[in-house]
Amino acid sequence: MTSNRYDAYREDTAGRANVADSPERIAYYQALAGLETGALWTVANKIEPWAPRSASVPVVWRYQELRGHVLRSAELVSPEEAGRRVIYLNNPGRRDVAAAVGWLYSGLQVMKPGELASAHKHSHSALRFIMEGRGAFTVVDGHKMTLGANDFVLTPNGTWHEHGVAEDGTTCIWQDGLDIPLVNAMEAGFYAVHPDLNQTVTYPVDDTSAAWGNAALKPQVSGWTKPYSPLFKYEWEPTYEALRRYARTSAGSPYDGILLEYVNPATGGPVMPTIGASMQLLRPGEHTKAHRHTGSFIYQVAKGSGYSIIDGKRYDWTERDIFCVPSWAIHEHVNLSSNDDACLFSFNDLPVMRALALYREEAVKENDGHQVLI
Ligand SMILES: [Fe+2]
Ligand SMILES: [Fe+2]
């Protein structure tokens, strides 16, 4: 709104603000502005939209285009200089807060064999999804986890964590996912570097998988009371096997195909208080029905190729591509292969939406539940 116009958001609907400007009213609004105030009816329709209007736009970040640039960062800057060598995903509608979509941040990080980043902690909750390479590991509060492609690992709010690649490994690239924009919007972010720069591994390697990674079996002695998953690492092989088993006996969801949510095994709740994650399988040729819901989603194609239709536009994707679905955008997914399944990893802010009672979902009813391409 320009300074001399105050009626740009008028709506000719009963119950909505509909006040035309006049010289007398403009003078009044200017007097209010001089006192750091304003008349609500000049902005009410803008700040209280009828339905969510995401500032984010759907984007596909193609791995084939990005990979070379990500690897180049390893030649241009050292981990010591950069802290973390990451190429972040910058949604054109959310550049002001470095978000990939909504209130979620994401980036691609690269590490070479023998590199070890310094340990730190922050209020932001984070996850990593391994894209390529051998020998990656993460240490979280003394627990060391070895990581392979399509594994994902948590570094929750307040945990000391550091990442590295073993000397005999290969260059590794992974996707980071964090709630940075959300926590910053809440003005609640703290950051600390570990006093020794690196932490000591105080538990047997991969101990959390041994204790907590057994399907439907909970360790008797745990005492776990923290608000995030004690498992930390979720491996690809058992996840994929679980999806295939589930697909043999269930039709799954009309909107998501066969979808399994990663959960905190101690509670059955989301992996972290601010970020949820899941892996879904689209059967050969599957075309899901369209729906929309609140909550922002970032997908990574863990396997296969296909496309998604988001708000009427087709976005093609193939293995390792990343794409986003903004809150309340209508979406449906298609596996283009007629003989192989496709798998999508995703993370989202649904735990926040649900905790704040803001989750809402709606199916598309017209056109047999599918969007018409625009
Ligand atoms: Fe971190
Ligand atoms: Fe959805």
Side-chain angles (χ1 to χ4, degrees), residues 61-89 106-120 126-140 142-155 160-178 197-201 203-210 213 231-241 262 277 279 298-305 317-322 340 342-345 347:
W61 289 275
R62 297 186 196 291
Y63 194 52
Q64 212 188 352
E65 294 173 359
L66 277 175
R67 185 175 180 274
H69 291 290
V70 173
L71 289 171
R72 175 113 172 91
S73 74
E75 310 307 324
L76 285 175
V77 291
S78 68
E80 292 76 27
E81 288 174 292
R84 287 153 298 173
R85 221 163 23 204
V86 180
I87 305 306
Y88 69 96
L89 309 181
S106 190
L108 299 186
Q109 185 159 179
V110 59
M111 282 191 102
K112 294 194 288 190
E115 286 183 344
L116 178 66
S118 53
H120 62 276
L127 60 83
R128 308 168 67 196
F129 186 80
I130 310 301
M131 300 174 76
E132 63 171 271
R134 276 187 298 102
F137 63 86
T138 287
V139 186
V140 181
H143 300 274
K144 180 174 178 175
M145 282 148 291
T146 55
L147 300 161
N150 285 351
D151 287 352
F152 109 92
V153 66
L154 311 176
T155 56
W160 289 113
H161 58 279
E162 64 206 273
H163 311 302
V165 176
E167 293 279 355
D168 61 353
T170 60
T171 296
C172 291
I173 299 177
W174 62 82
Q175 180 184 8
D176 290 328
L178 292 98
L197 282 185
N198 289 110
Q199 60 182 310
T200 311
V201 175
Y203 300 90
V205 173
D206 287 327
D207 72 307
T208 68
S209 300
L231 179 53
F232 294 131
K233 176 174 73 160
Y234 296 78
E235 294 172 352
W236 164 243
E237 281 81 10
T239 305
Y240 183 53
E241 177 54 28
Y262 294 104
M279 183 72 83
I298 298 177
Y299 291 87
Q300 178 174 152
V301 184
K303 182 174 183 290
S305 56
W317 39 254
T318 191
E319 200 165 303
R320 296 290 162 240
D321 287 348
I322 296 169
D340 202 3
C343 293
L344 301 174
F345 169 77
F347 65 95

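Computed over heavy atoms, backbone and side chain alike; hydrogens, waters and symmetry mates excluded.
- Smallest separation of non-hydrogen atoms from K233 and S209: CE-OG, 3.3 Å.
- Taking the six-membered ring for Trp and the full ring otherwise, H163 and F137 have centroids separated by 6.0 Å or more.
- At distances below 3.5 Å, not a single donor-acceptor pair connects side-chain atoms of Q109 with backbone N or O atoms of I87.
- In this structure, C172 SG and R134 CZ are separated by 8.5 Å, a value rounded to the nearest 0.5 Å.
- With no hydrogens or angles considered, no side-chain donor-acceptor pair links E162 and S118 at under 3.5 Å.
- Not one N or O on the side chain of S305 forms a donor-acceptor pair closer than 3.5 Å with the backbone of T318.
- Side-chain atoms of D321 never come within 3.5 Å of backbone atoms of V301 as a donor-acceptor pair (strictly under, hydrogens ignored).
- Between A149 and W236, the shortest heavy-atom distance links the atoms O-CB, 3.7 Å.
- Contact record, H69 with E65: CD2-O, 3.3 Å, taken as the closest heavy-atom pair.
- Between the side chains of Q300 and R320, at least one donor-acceptor pair of N or O atoms lies under 3.5 Å.
- Residues T146 and D206 bring a donor and an acceptor atom of their side chains to less than 3.5 Å of each other.
- If you take OG on S106 and OH on Y88, they are separated by 12.5 Å, rounding to the nearest 0.5 Å.
- Note that CZ of F345 and CD1 of I298 are 9.5 Å apart. Values are rounded to the nearest 0.5 Å.
- For the pair M111 and A117, the tightest heavy-atom approach, listed with the atom from each and the gap, is CE-N, 3.4 Å.
- The nearest pair of heavy atoms linking P113 to G169 is CG-O, 3.3 Å.
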Chi angles and distances behind the side-chain contact (heavy atoms from CB on, under 4.5 Å) call for K144, D207 = CA-CA 8 Å; K144 180 174 178 175; D207 72 307; over 6 Å; no
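- Side-chain contact check for E115 versus V165: every heavy-atom pair is 4.5 Å or farther apart.
- Taking Y63 as the reference, nothing meets the ring pair (Phe, Tyr, Trp, His ring centres under 6.0 Å) condition, with sequence neighbours excluded.
- Side-chain contact between E235 and N150: absent, with no pair of heavy atoms (C-beta onward) separated by less than 4.5 Å.
- From F232, atom CZ reaches atom NE2 of H143 across 5.5 Å, with rounding to the nearest 0.5 Å.
- Taking 4.5 Å as the limit, some side-chain heavy atom of L71 sits within range of a side-chain heavy atom of T171.
- Using a distance-only test at 3.5 Å, with no hydrogens or angles considered, a donor-acceptor pair links the side chain of E81 to the main chain of S78.
- In this structure, CZ on R85 lies 5.5 Å from OG on S73, to the nearest 0.5 angstrom.
- Of the residues listed (V110, V70, L108, D176), the one engaging V86 in a side-chain contact (heavy atoms from CB on, under 4.5 Å) is D176, and it is the only one.
- With a 4.5 Å cut-off on side-chain heavy atoms, W317 and L344 count as touching.
- Residue E319 holds its CD atom at 10.0 Å from CE of M131, rounded to the nearest 0.5 Å.
- Side-chain N or O atoms of Q199 include one that pairs as donor or acceptor with a backbone N or O of G142 at under 3.5 Å.
- By the 4.5 Å heavy-atom criterion applied to side chains, V140 and L154 are not counted as neighbours.
- In this structure, E75 contributes its side chain and R72 its backbone to no donor-acceptor pair below 3.5 Å.
- Applying the ring pair (Phe, Tyr, Trp, His ring centres under 6.0 Å) test to Y234 and every residue at least two apart in sequence or in another chain returns F152, Y262.
- With contacts defined as side-chain heavy-atom distances shorter than 4.5 Å, the pair F347/L127 qualifies.
- Among residues two or more places apart in sequence or in another chain, the salt bridge (charged side-chain N to carboxylate O under 4.0 Å, His left out) test is passed with E132 by R67.
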